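Remarks on the structure that follows.
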Amino acid sequence: MPAKRHTAPADDPATAYARSVLSGETPAGKLVKLACQRHLNDLDRQGTAAFPYVWEPDRGANLDAFCLLLRQYTGEWAGQPLSLAPFQKFVAYSIFSWVYADSGMRRFKTAVMRVPRKNGKTCFAAAIALYLLALDDEPGAQIFAAATKRDQARLVFRDSCTMLRKAHPKVRARFVEKVSVLEFPSTNSRFEPLAADSDKLDGLNPHAAICDETHAWASRDLWDVLQSGMGARRQPLMLDISTAGNNTHSFAFETHKRAEDVLTGTLHDEAFFAFIAMADPEDIDRWDDPAVWQKANPGYLTIKPKHYFETEVSKVRATPSALPDFLTKQLNIWANVAERWLDPDDWKKGGCEGLAEKLKGRKCHGALDLAKVSDLSAFALVFRPDEVFKAIGVRKHALLVWHWCPGDDIATRTREHRVPYESWKKAGWINATAGNTTDFVALRHGIQRICADYEVTDVAFDRWGSLETVQHLQEDGMQVFEFGQGYKSMGAPTSEFERLVKGGHLLHDGSPLLAWEAGNVACEMDPSGAIKPNKKRSREKIDGIVAAVMALGRAMAQEEVVAAPTVWVA
């Protein structure tokens with residue numbers, strides 16, 4: 001049934017929450033603010049050709065009303081109706097009220113809700129599961145509470161059954177509870193727990209999956225099995241409900257990174273909803289401040305009492321080694337999150353549309369980061385402030401980066417890793433080459449074309465895997481310099497690159513691929529305090545940023561040759 005088009009009232013719970021957060025009335029971290037801003041922006045986008053969705057808050061209200069028929073069963077609220085907290089209403093309404101204008105089917109196919117411990121996520125997920133089972137208008141719905149271990153998978157399922165047993169009799173009578181299965185006979189639907197080691201993973205046809213504590217999942221295999229089985233469903237939903245974890249190379253952190261990229265606008269995915277409640281990195285040193293507790297915990301004082309934090313803080317003060325665990329479980333900060341080098345907002349400051357065209361003919365310094373076998377290769381050009389001033393009248397450094405990737409890798413990365421290489425290729429941010437390995441001939445020809453447009457004075461390279469290509473570039477008349485990857489070579493330009501980005505003194509062309517790489521970088525530090533990018537510790541690919549740092553190193557070396565102390569930015 002097509003959705004009705006109308007403007008959401010100012011007082012629907014989700015919109016009211018978003019406005020409260022953005023006005024500062026409700027404390028929240030940066031990512032929650034971005035989720036709220038996205039909601040308000042989307043309300044304004046209704047009716048445009050590029051936005052096929054409408055906001056129907058009555059759909060969220062149906063879920064809201066259903067929750068009130070359930071009964072809580074633990075703590076001081078035992079026996080009371082399940083009344084959703086404002087942040088839970090924001091999440092629930094967002095998932096169920098954004099629908100396609102033509103069909104009325106749900107917009108969001110994946111929803112990620114990450115909150116610290118004791119913010120009512122399991123109870124919330126249990127209510128969502130019951131609603132999806134009974135009132136989502138899906139015949140033969142299969143709902144799964146999924147986790148790596150059966151005991152964990154049973155938590156959401158158990159809460160659903162317990163709340164239902166205490167629900168209004170007329171509601172309870174519509175369901176049939178069996179051993180490890182909850183059925184809704186009128187639509188032939190069922191809800192059951194599912195673990196990664198289950199023997200029931202073949203032939204699944206899920207309507208929805210509630211994926212609990214994904215930070216503890218060893219791999220994404222179960223997620224992929226569930227998602228791949230949803231192809232025949234009209235409006236499937238993968239719901240990831242979890243806290244932060246310790247493994248920044250895990251599937252859950254990969255999902256966190258995607259959520260962050262969607263919220264910051266680095267990636268575009270209209271079917272992906274994210275609500276990430278966490279303290280901001282700059283709050284880490286104020287971990288014992290109640291204002292930070294409230295910012296990170298949307299259920300603070302209503303679901304999670306102040307004395308809970310006071311007890312946990314006392315434990316940390318008595319045992320300082322417990323602080324990392326407090327940061328992760330109580331403030332939802334991933335272990336090593338402070339390693340992220342560049343802030344997306346700082347990076348965006350440097351965006352300059354049409355920069356590549358404006359800088360044609362200007363003198364610059366280049367660097368090459370080649371993929372050894374496959375995936376991304378990058379060629380970067382850095383323009384010094386005097387050259388940028390001649391071109392556009394601004395005394396700032398400028399950066400341009402080109403990327404190449406084997407065509408087979410582009411398809412694989414798009415399909416299996418959910419990184420939009422294919423979209424970036426269509427938009428011209430990635431140059432596709434034939435096959436599944438690095439095509440050094442294509443790279444050489446591409447670099448030749450670039451150098452024909454700009455006055456490239458020198459090119460830095462990492463000798464590992466680059467020698468043959470560099471020899472060809474030398475034959476083409478380019479001046480090349482070996483550039484080590486240790487602190488001696490990388491330390492100074494890495495620090496300078498950071499300073500330029502944070503100060504808004506580095507221009508770039510707004511490439512979403514380069515912005516994604518900038519957000520992936522983690523640095524390592526030597527005992528003297530020198531830093532350099534670390535590809536192994538970084539979240540994802542950073543080749544373009546590594547090439548940019550090398551090119552900046554060549555620019556800095558040239559400055560030292562031609563002048564005494566240099567003021568880099570006016």
Side-chain angles (χ1 to χ4, degrees), residues 1-26 28-64 86-113 234-239 258-277 344-345 347-349 351 353 418-420 422-424 426-427 429 510-513 515-516 519:
M1 179 180 178
K4 300 174 183 177
R5 183 182 300 277
H6 65 77
T7 302
D11 59 351
D12 81 74
T15 305
Y17 178 81
R19 289 175 176 161
S20 177
V21 165
L22 295 175
S23 71
E25 180 182 350
T26 297
K30 175 184 173 182
L31 294 180
V32 168
K33 291 178 181 177
L34 288 173
C36 292
Q37 188 61 63
R38 182 192 190 192
H39 173 71
L40 297 184
N41 290 345
D42 287 349
L43 290 178
D44 291 338
R45 295 168 67 198
Q46 292 181 96
T48 62
F51 193 75
Y53 316 103
V54 291
W55 176 244
E56 287 292 328
D58 288 349
R59 297 170 185 259
N62 289 337
L63 170 61
D64 207 351
F87 81 94
Q88 294 172 328
K89 291 187 180 186
F90 176 79
V91 174
Y93 276 67
S94 295
I95 294 172
F96 288 93
S97 296
W98 278 114
V99 297
Y100 281 88
D102 57 354
S103 68
M105 296 294 104
R106 272 195 304 274
R107 164 192 177 182
F108 293 117
K109 305 299 186 294
T110 302
V112 177
M113 179 175 130
R234 299 176 302 164
Q235 49 177 2
L237 177 66
M238 295 290 292
L239 179 58
R258 183 174 188 84
E260 189 176 62
D261 287 343
V262 168
L263 291 173
T264 59
T266 303
L267 294 180
H268 181 77
D269 189 343
E270 295 284 15
F272 190 102
F273 171 80
F275 182 89
I276 312 293
D345 288 341
W347 183 259
K348 286 181 181 179
K349 294 176 186 175
E353 188 175 352
R418 276 71 171 178
V419 180
E422 192 68 44
S423 296
W424 289 335
K426 291 177 181 178
W429 300 114
S511 161
L513 167 54
W516 175 71

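In this text the structure is predicted, and so the values were computed from the model without any measurement.
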Any side-chain heavy-atom pair of [X] and [Y] under 4.5 Å:
| X | Y | answer |
| --- | --- | --- |
| Phe275 | Val112 | no |
| Val99 | Trp55 | no |
| Leu267 | Pro420 | yes |

Measure across [X] and [Y] and return the closest heavy-atom pair with its distance rounded to 0.1 Å.
| X | Y | value |
| --- | --- | --- |
| Val32 | Ala277 | CG2-CA, 3.7 Å |
| Ser97 | Pro57 | OG-CA, 3.5 Å |
| Ala259 | Ile276 | CB-CD1, 4.1 Å |
| Arg258 | Val419 | NH1-N, 4.3 Å |
| Leu22 | Lys33 | CD2-O, 3.5 Å |
| Ile95 | Phe108 | CA-CD1, 4.3 Å |

With sequence neighbours excluded, what pairs up with [X] under the side-chain hydrogen bond (donor to acceptor under 3.5 Å, both in side chains) test?
| X | answer |
| --- | --- |
| Lys89 | Asp64 |
| Lys348 | none |
| Arg38 | none |
| Asp345 | Lys30 |

Can you measure from [atom1] ([X]) to [atom2] ([Y]) and round to the nearest 0.5 angstrom?
| X | Y | atom1 | atom2 | value |
| --- | --- | --- | --- | --- |
| Asp58 | Asp12 | CG | CG | 9.5 Å |
| Leu34 | Asn41 | CG | CG | 10.0 Å |
| Ser94 | Arg107 | OG | CZ | 9.0 Å |
| Cys36 | Arg19 | SG | CZ | 11.5 Å |
| Leu237 | Thr110 | CG | OG1 | 7.5 Å |
| Leu43 | Phe51 | CG | CZ | 8.0 Å |

Only counting residues at least two apart or in another chain, list the ones meeting salt bridge (Lys or Arg N to Asp or Glu O under 4.0 Å) with [X].
| X | answer |
| --- | --- |
| Glu422 | Lys425 |
| Arg45 | Asp42, Glu270 |
| Lys349 | Asp346 |

The test is ring pair (Phe, Tyr, Trp, His ring centres under 6.0 Å); show your working for Tyr100 and Tyr53 and say whether it passes. CA-CA 4 Å; Tyr100 281 88; Tyr53 316 103; 4.9 Å; yes
Residues which pass side-chain contact (heavy atoms from CB on, under 4.5 Å) with [X], listed by chain and number, not counting sequence neighbours:
| X | result |
| --- | --- |
| Glu353 | none |
| Ala35 | Phe90, Leu263 |
| Ala427 | Trp429 |
| Asn62 | Tyr131 |

Exam field: side chain Gln46 to backbone Val54, donor-acceptor pair closer than 3.5 Å: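 Between the backbone of Val54 and the side chain of Gln46 there is no qualifying donor-acceptor contact (under 3.5 Å).
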Check for a donor-acceptor pair, side chain of Arg59 on one end and backbone N or O of Phe96 on the other, with a separation under 3.5 Å.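 No.
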List for me each residue that meets ring pair (Phe, Tyr, Trp, His ring centres under 6.0 Å) alongside Tyr93, sequence neighbours excluded, and say none if there are none.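 Per chain and number, Tyr93 pairs via ring pair (Phe, Tyr, Trp, His ring centres under 6.0 Å) with no residue.
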Under 3.5 Å, is there a donor on one side chain and an acceptor on the other for His39 and Thr15?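 Yes, a side-chain donor-acceptor pair sits under 3.5 Å.
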Let's go through Trp98 and Phe273 carefully: what are the C-alpha distance in whole Å and the side-chain angles of both, what is the deciding distance for side-chain contact (heavy atoms from CB on, under 4.5 Å) to 0.1 Å, and is it a yes or a no? CA-CA 10 Å; Trp98 278 114; Phe273 171 80; over 6 Å; no
